Amino acid sequence: MDKYDVIVVGAGHAGIEAALAASQLGCSTLMLTLDAGSIGRMSCNPAIGGVGKGQLVKEIDALGGAMARAADSCGIQFRILNASKGAAVQSSRAQIDMEMYNRYMIKRVASQKNLYLKEAEAEKLLVQDSQVIGVLTGKGESILASCVVLSAGTFLDGLLHLGLKHHSAGRIGESSSLSLARDLEGLGFRLLRFKTGTCPRLDKGSIDYSNLIIQEGDFPPRPFSFTTKSLKQKQIPCYITYTNKNTHQIILDNLRYSPLYAGIIKATGVRYCPSIEDKIVKFKDKERHQIFLEPQGYKSKEVYPNGLSTSLPEEAQLKMVHSIAGLEKARIIHFGYGIEHMVIEPTQLYPSLETKLIKNLYSAGQINGTTGYEEAAAQGLIAGINASLRAKNKEPLVLDRSSSYMGVLIDDLVTKGTNEPYRMFTSRVEYRLVLREDNADLRLSKIGYELGLVQKKDYTRMQKKEKAIRKGMAFLKKTSLKPSAKINARLDLLNTSPLKKPTTLEEVLRRPQVDIQDLKRITKIKLDIPEFAYQQLENEVKYAGFIKRQLVEVGRFKHLEKIRLSDKLDYSVVPGLSREIKEKLTRFRPLNLGQASRISGVTPAAVSILMVYLRKFNGEKQKLP
């Protein structure tokens with residue numbers, strides 16, 4: 001009977017990061033998948049990153065994960081979203097060659113030491129005394145392990161819908177995992193049913209691009225990974241078109257054939273990425289909706305019409321597509337579809353992503369109620385790290401809300417839960433000004449290095465960057481610019497006021513109209529700052545006051561996080577708490593006062609009562625002989 005330190009069930013974005021992390025940390029790791037050729041397959045849109053998601057990818061990279069490097073190797077267009085807005089909400093996004101990405105990840109998994117691959121279905125968990133000890137495959141084979149990570153994606157009792165027809169599937173052409181879903185229910189897990197969907201794929205050669213809006217990538221393109229020096233590959237454009245009144249009428253005429261509106265789909269869908277049917281019904285006054293035509297690769301014939309997710313019947317999809325400018329003669333290679341699947345209600349997890357019900361069992365990705373490649377990969381990395389740490393009898397890694405987007409993502413899931421597919425946004429992050437893309441390496445690389453996931457050369461590079469920023473900041477503070485006709489003329493061109501007295505470079509750079517490149521042009525003073533530190537330094541200077549205030553808030557947050565709550569604490573005896581709050585605290589078993597404060601319905605007054613009670617309780621304990 002085979003035995004491993006860690007078994008990872010699933011080979012999607014969560015499974016890849018979990019398996020690579022565990023094996024890199026020295027654990028013998030088995031990846032179980034129904035199809036070895038599907039490793040890293042992008043089942044929906046051909047892109048990585050986006051608002052809030054780009055930050056996750058940067059953090060995955062900073063901790064030593066794989067997604068950012070893969071995106072840099074397989075990207076065909078790179079853009080910074082919200083580039084005209086503040087640094088706190090700027091996010092990277094890349095169009096990806098889907099076939100290249102799939103091949104890259106297959107090769108990456110195959111080359112990883114300590115990582116083994118097996119094509120089999122995990123049908124049942126082997127559990128002994130409320131502790132997982134392995135899995136039973138569909139072939140009747142028992143495989144033992146110290147820890148198991150579930151990253152089943154949409155395969156858990158997946159049901160695919162196309163019009164009023166439906167059948168069991170994990171995604172198109174691949175079977176779902178019904179047995180594992182039933183097993184989890186039998187073990188006592190509360191399961192929810194969520195719905196997601198995808199767009200039809202169009203034949204590139206049948207699209208008329210002549211009157212469409214072209215969308216080029218950024219030049220020069222900015223990589224995802226902190227280890228990528230530059231991107232050399234050719235960038236290719238996307239195109240923009242719009243739905244119209246005719247499109248909307250076709251959809252409305254066919255709503256009775258939509259499984260969502262016919263009442264066949266009862267699961268909760270993605271609010272922030274709705275189907276085109278949902279958009280037309282919920283935004284009746286909107287005359288058109290934007291559609292991004294995204295190429296699926298350099299050589300691919302397929303184009304992804306982002307914004308046109310649908311589960312309408314095939315004939316209705318054809319009419320709908322042909323009503324859109326540029327798509328009048330478009331051929332559909334694959335029709336869009338909706339998919340329902342089971343998820344574990346995520347408040348049944350600890351912040352380490354270990355389940356509360358079964359010891360040594362971890363879950364990551366869409367099985368935890370999220371949507372998106374990036375959210376899945378972030379959870380996979382943390383679950384893989386913690387499974388390997390548990391296998392070595394070490395303390396888990398828990399990232400809090402003040403440290404990372406990953407910390408916010410996991411804290412939201414395990415503390416608040418979710419009644420719909422969860423998507424990361426910058427607006428969910430209280431301390432987003434100090435948790436920017438540009439400083440993800442400064443925040444997390446040390447943790448990755450100490451774990452053993454970040455190589456020494458990459459950690460050394462981060463240390464050099466950190467040193468350069470400190471040195472650059474000191475230089476800007478101590479170096480002054482004296483007023484002169486020439487300098488003031490240059491400032492006037494930037495629509496900013498002239499200098500009347502000697503002014504430090506820091507004060508000049510703090511002006512909204514001046515960036516660090518402008519600073520180089522304004523003065524003949526040689527900036528004693530390496531170019532790789534420019535962006536970070538500029539952000540630190542321009543937002544210094546806001547950052548200082550957020551750091552004060554972070555200090556208050558960390559104070560509450562330090563006040564631990566025993567898992568044996570009897571909330572029923574705490575005076576002053578309402579019955580509802582007592583029940584919620586007993587159910588969620590928060591690890592600390594900060595986590596307790598974020599549980600829905602737990603009021604600030606209740607947190608104060610708990611704090612007073614803990615002080616009194618701890619004081620009485622100390623007096624005991």
Side-chain angles (χ1 to χ4, degrees), residues 34 43-45 152-179 181-182 185 191-203 206 243-284 286 289 291 302-324 327-343 366 369 371 419-421:
L34 295 172
S43 52
C44 195
N45 65 310
T154 59
F155 284 72
L156 211 60
D157 194 10
L159 192 64
L160 189 148
H161 295 268
L162 181 54
L164 301 182
K165 298 180 291 185
H166 58 269
H167 64 274
S168 179
R171 58 187 165 203
I172 196 161
E174 298 180 59
S175 59
S176 68
S177 180
L178 181 60
S179 300
R182 297 292 172 264
E185 280 185 317
L191 301 184
L192 306 174
R193 196 151 183 82
F194 283 175
K195 176 256 177 189
T196 188
T198 189
C199 302
R201 270 52 164 198
L202 310 179
D203 185 335
S206 66
T243 62
N244 52 60
K245 289 182 179 179
N246 187 24
T247 313
H248 300 181
Q249 192 58 53
I250 290 168
I251 292 167
L252 290 171
D253 290 344
N254 286 277
L255 269 186
R256 63 187 181 277
Y257 303 118
S258 164
L260 189 63
Y261 286 92
I264 296 171
I265 292 178
K266 300 192 184 295
T268 308
V270 187
R271 183 195 305 191
Y272 303 104
C273 188
S275 66
I276 191 67
E277 299 97 290
D278 252 355
K279 289 179 187 177
I280 303 310
V281 171
K282 292 178 179 176
F283 305 102
K284 293 177 182 177
K286 196 157 185 175
H289 294 275
I291 307 296
E302 297 182 32
V303 169
Y304 185 89
N306 199 335
L308 213 57
S309 175
T310 183
S311 52
L312 286 171
E314 295 173 359
E315 186 181 347
Q317 288 193 39
L318 270 171
K319 288 180 181 177
M320 174 182 70
V321 167
H322 289 163
S323 71
I324 297 170
L327 309 183
E328 293 89 349
K329 296 181 181 179
R331 290 187 294 275
I332 295 180
I333 297 175
H334 304 293
F335 287 93
Y337 60 87
I339 188 164
E340 291 183 272
H341 60 98
M342 304 301 289
V343 304
Q366 281 183 283
T371 179
N419 56 9
E420 63 186 15

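Predicted model only: the values in this text are computed from it and were never measured.
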Rounded to the nearest 0.5 Å, what separates atom [atom1] in [X] from atom [atom2] in [Y]?
{"X": "Ser176", "Y": "Leu156", "atom1": "OG", "atom2": "CG", "value": "8.5 Å"}
{"X": "Asn254", "Y": "Tyr261", "atom1": "CG", "atom2": "OH", "value": "13.5 Å"}
{"X": "Met320", "Y": "Asp253", "atom1": "CE", "atom2": "CG", "value": "13.0 Å"}
{"X": "Lys329", "Y": "Asp203", "atom1": "NZ", "atom2": "CG", "value": "14.0 Å"}
{"X": "Leu162", "Y": "Glu314", "atom1": "CG", "atom2": "CD", "value": "5.0 Å"}
{"X": "Thr247", "Y": "Ile276", "atom1": "OG1", "atom2": "CD1", "value": "8.0 Å"}

Would you say that [X] contacts [Y] through its side chain, given a criterion of any heavy-atom pair below 4.5 Å between the two side chains?
{"X": "Asn419", "Y": "Thr268", "answer": "no"}
{"X": "Asp157", "Y": "Arg182", "answer": "yes"}
{"X": "Leu202", "Y": "Ile332", "answer": "yes"}
{"X": "His161", "Y": "Lys195", "answer": "no"}

Verify, without hydrogens or angle tests, whether [X] (side chain) and [Y] (backbone) share a donor-acceptor contact under 3.5 angstrom.
{"X": "Glu185", "Y": "Leu191", "result": "no"}
{"X": "Thr243", "Y": "His289", "result": "yes"}
{"X": "Asn244", "Y": "Ser323", "result": "yes"}
{"X": "Glu340", "Y": "Arg193", "result": "no"}
{"X": "Ser206", "Y": "Arg331", "result": "yes"}
{"X": "Lys279", "Y": "Gly307", "result": "yes"}

Nearest heavy-atom pair of [X] and [Y]: which atoms, and what distance?
{"X": "Gln317", "Y": "Pro200", "answer": "OE1-CB, 3.6 Å"}
{"X": "Ala316", "Y": "Ile250", "answer": "O-CG2, 4.1 Å"}
{"X": "Gly338", "Y": "Ser311", "answer": "N-CB, 3.5 Å"}
{"X": "Leu308", "Y": "Cys199", "answer": "C-SG, 3.4 Å"}
{"X": "Ser309", "Y": "Gly197", "answer": "OG-C, 3.5 Å"}
{"X": "Gln366", "Y": "Thr196", "answer": "NE2-CG2, 4.4 Å"}

Evaluate the criterion side chain to side chain contact (heavy atoms under 4.5 Å, CB included) for residue pair Arg201 and Tyr304; output intermediate values, then yes/no. CA-CA 5 Å; Arg201 270 52 164 198; Tyr304 185 89; 3.7 Å; yes
Run Leu260 and Ser275 through side chain to side chain contact (heavy atoms under 4.5 Å, CB included) and show every step you take. CA-CA 10 Å; Leu260 189 63; Ser275 66; 4.3 Å; yes
Just one of Leu318, Thr310, Thr198, Leu312 clears the side chain to side chain contact (heavy atoms under 4.5 Å, CB included) bar with Phe335, so which one? Leu318
Quick one: sort the Phe194 and His341 rings into parallel, tilted or perpendicular, breaks at 30° and 60°. perpendicular
Taking atom OH of Tyr257 as the centre, does the number of heavy atoms from other residues, nucleotides or ligands within less than 6.0 Å exceed 12? no
